[in-house]
A.B. asks: 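Right, I'll just put the structure down here and ask away after.
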Amino acid sequence: MMIAIGLLLLRLTLGLIFLLHGAQKLFGVLGGHGLAGTTQFMNTLGLHPARWWATIAAWGEFVGGLLLVLGLFTPLAALLVLAVMLVAILKVHASKGFWNSQGGYEYNLVLSALATVLGLVGAGAFSLDALLGLSALSPTLFLLGLPLLILLGVLVHQPTSAWFQKLWHSSHVGPEL
């Protein structure tokens, strides 16, 4: 019973963090800059097309957070959260070192570890996954999705990103939205 309560608290906390961050990026609420501001930020990171990356990141956070809060499709929710954190670590925080106080990846690593725990263990007894009988699939589906995260990491890593940016700029006509 205590494990189920612990997983519920973990899911609700992590889910609300990502749900609210996604809402900031999508809708400009709670001090966020909306999709336009998120697009500008993705552009500064060299992720092109910036609007596409901004939309994917914002919806990944929002949907991943919502699914975690509900305890529904938890392996997918955990992978969405991990994908956003992987890009954040690689493109924003890794060059600043470990410590969060210096802009490093410490906090992102903690969020990633918590999402990994939920992906491997599942949402717990107080979840829609448990209610719908989906809990047994959690570790397998989560582990099957990890190679996609490795591919994402390679895609946003500097050499690949520079190649893609060059390709994007040479083939893109008109202003980017």
Side-chain angles (χ1 to χ4, degrees), residues 10-69 74-120 142-143 145-172 175-177:
L10 174 59
R11 269 194 10 254
L12 290 176
T13 302
L14 190 63
L16 282 173
I17 288 169
F18 280 94
L19 178 69
L20 295 176
H21 273 273
Q24 286 181 313
K25 288 177 177 68
L26 283 171
F27 312 119
V29 297
L30 305 167
H33 300 288
L35 202 50
T38 305
T39 300
Q40 289 176 354
F41 181 65
M42 294 298 173
N43 199 35
T44 66
L45 295 177
L47 292 170
H48 299 284
R51 177 72 171 209
W52 184 85
W53 282 102
T55 302
I56 293 299
W59 280 108
E61 285 186 358
F62 188 80
V63 171
L66 179 61
L67 291 175
L68 285 176
V69 167
T74 303
L76 172 63
L79 288 167
L80 288 171
V81 165
L82 275 175
V84 172
M85 288 299 92
L86 177 65
V87 173
I89 289 170
L90 290 174
K91 296 302 282 185
V92 179
H93 301 285
S95 64
K96 299 172 185 169
F98 178 74
W99 300 112
N100 185 56
S101 60
Q102 297 167 345
Y105 59 90
E106 173 188 15
Y107 180 62
N108 305 91
L109 185 62
V110 170
L111 295 175
S112 297
L114 295 175
T116 300
V117 167
L118 289 172
L120 292 172
F142 179 77
L143 291 171
L146 286 179
L148 294 175
L149 289 183
I150 294 168
L151 180 61
L152 176 66
V154 169
L155 180 64
V156 300
H157 195 271
Q158 186 56 37
T160 305
S161 180
W163 170 82
F164 188 73
Q165 182 177 358
K166 188 176 185 179
L167 177 68
W168 170 258
H169 285 299
S170 67
S171 66
H172 186 67
E176 185 172 317
L177 298 175

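Residues: numbered from 1 along the sequence shown. Hydrogens, waters and symmetry mates are skipped; everything else that's a heavy atom, side chains included, is used.
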A.B. asks: With side chain to side chain contact (heavy atoms under 4.5 Å, CB included) as the criterion, how do Leu143 and Leu120 come out once you've worked through the C-alpha distance, each side chain's angles and the decisive distance to 0.1 Å?
C.D. replies: CA-CA 8 Å; Leu143 291 171; Leu120 292 172; 3.9 Å; yes
A.B. asks: Holding to side-chain contact (heavy atoms from CB on, under 4.5 Å), I want the full list of residues that pass it with Leu30, two or more places apart in sequence or in another chain.
C.D. replies: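 Scan of Leu30 (side-chain contact (heavy atoms from CB on, under 4.5 Å), adjacent residues dropped) gives Leu20, Gln24.
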A.B. asks: Looking only at heavy atoms, what is the nearest atom pair of Ala115 and Leu14, with distance?
C.D. replies: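 So the two residues come closest at N-CD2, 3.6 Å.
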A.B. asks: To the nearest 0.5 Å, how far apart are CG in Leu12 and CG in Leu19?
C.D. replies: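 Going from the CG atom of Leu12 to the CG atom of Leu19 covers 11.0 Å.
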A.B. asks: Could you walk me through whether Val110 and Asn100 pass side chain to side chain contact (heavy atoms under 4.5 Å, CB included), step by step?
C.D. replies: CA-CA 11 Å; Val110 170; Asn100 185 56; over 6 Å; no
A.B. asks: Please tell me if the side chains of Thr13 and Leu114 come closer than 4.5 Å, counting only heavy atoms from C-beta onward.
C.D. replies: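 Contact flag for Thr13/Leu114 side chains = no.
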A.B. asks: State, to 0.1 Å, how close Val69 and Gly15 come at their nearest heavy-atom pair, and which atoms those are.
C.D. replies: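 That would be CG2-C, 3.7 Å.
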A.B. asks: Run Leu79 and Leu146 through side chain to side chain contact (heavy atoms under 4.5 Å, CB included) and show every step you take.
C.D. replies: CA-CA 7 Å; Leu79 288 167; Leu146 286 179; 4.2 Å; yes
A.B. asks: Please round to the nearest 0.5 Å and tell me the distance separating atom CG of Leu90 and atom CG of Asn108.
C.D. replies: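 These two atoms lie 10.5 Å from each other.
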A.B. asks: Can you pull the salt bridge (Lys or Arg N to Asp or Glu O under 4.0 Å) pairs that have at least one residue in residues 96-120, sequence neighbours excluded?
C.D. replies: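 As it turns out, there is no salt bridge (Lys or Arg N to Asp or Glu O under 4.0 Å) pair with a partner in residues 96-120 once direct neighbours are skipped.
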A.B. asks: Identify every side-chain donor-acceptor pair in residues 56-65 under 3.5 Å, counting partners at least two apart or on other chains, and give the distances.
C.D. replies:
{"unit_1": "Glu61", "atom_1": "OE1", "unit_2": "Gly22", "atom_2": "N", "d": "3.2"}
{"unit_1": "Glu61", "atom_1": "OE1", "unit_2": "Lys25", "atom_2": "NZ", "d": "3.2"}
{"unit_1": "Glu61", "atom_1": "OE2", "unit_2": "Lys25", "atom_2": "NZ", "d": "3.3"}

A.B. asks: Quick one: pull up CG in Leu35 and OG1 in Thr55 and give me the separation to the nearest 0.5 Å.
C.D. replies: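 Here the interatomic distance stands at 4.5 Å.
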A.B. asks: Show your working on side chain to side chain contact (heavy atoms under 4.5 Å, CB included) between Phe18 and Leu67 and close with a plain yes or no.
C.D. replies: CA-CA 10 Å; Phe18 280 94; Leu67 291 175; over 6 Å; no
A.B. asks: How many angstroms lie between atom CD1 of Ile89 and atom CG of Leu109, to the nearest 0.5 angstrom?
C.D. replies: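 Here the interatomic distance stands at 5.5 Å.
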A.B. asks: Can you give me the closest heavy-atom contact between Leu47 and Lys91, atom names plus distance?
C.D. replies: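 Minimum heavy-atom contact is CD2-CE, 4.0 Å.
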A.B. asks: Are side-chain heavy atoms of Phe142 and Thr116 found at a separation under 4.5 Å?
C.D. replies: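 Yes, side chains in contact.
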A.B. asks: Give me each pair satisfying ring-ring contact (aromatic ring centres under 6.0 Å, His included) with a member in residues 88-108, each pair once, sequence neighbours excluded.
C.D. replies: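 Every ring-ring contact (aromatic ring centres under 6.0 Å, His included) pair that includes a residue of residues 88-108, provided the two are not neighbours, is Phe98-Tyr105.
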A.B. asks: When rounded to the nearest 0.5 angstrom, what is the spacing between NE2 in His21 and OG1 in Thr38?
C.D. replies: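 Rounded to the nearest 0.5 Å, the NE2-OG1 separation comes to 11.5 Å.
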A.B. asks: Leu68 versus Leu16: any side-chain heavy-atom pair under 4.5 Å?
C.D. replies: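 Leu68 vs Leu16: side chains apart.
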A.B. asks: Can you pull out every side chain to side chain donor-acceptor pair (under 3.5 Å) where at least one residue sits in residues 74-84? Sequence neighbours excluded, please.
C.D. replies: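 Pairs touching residues 74-84 that pass the test: Thr74-Asp129.
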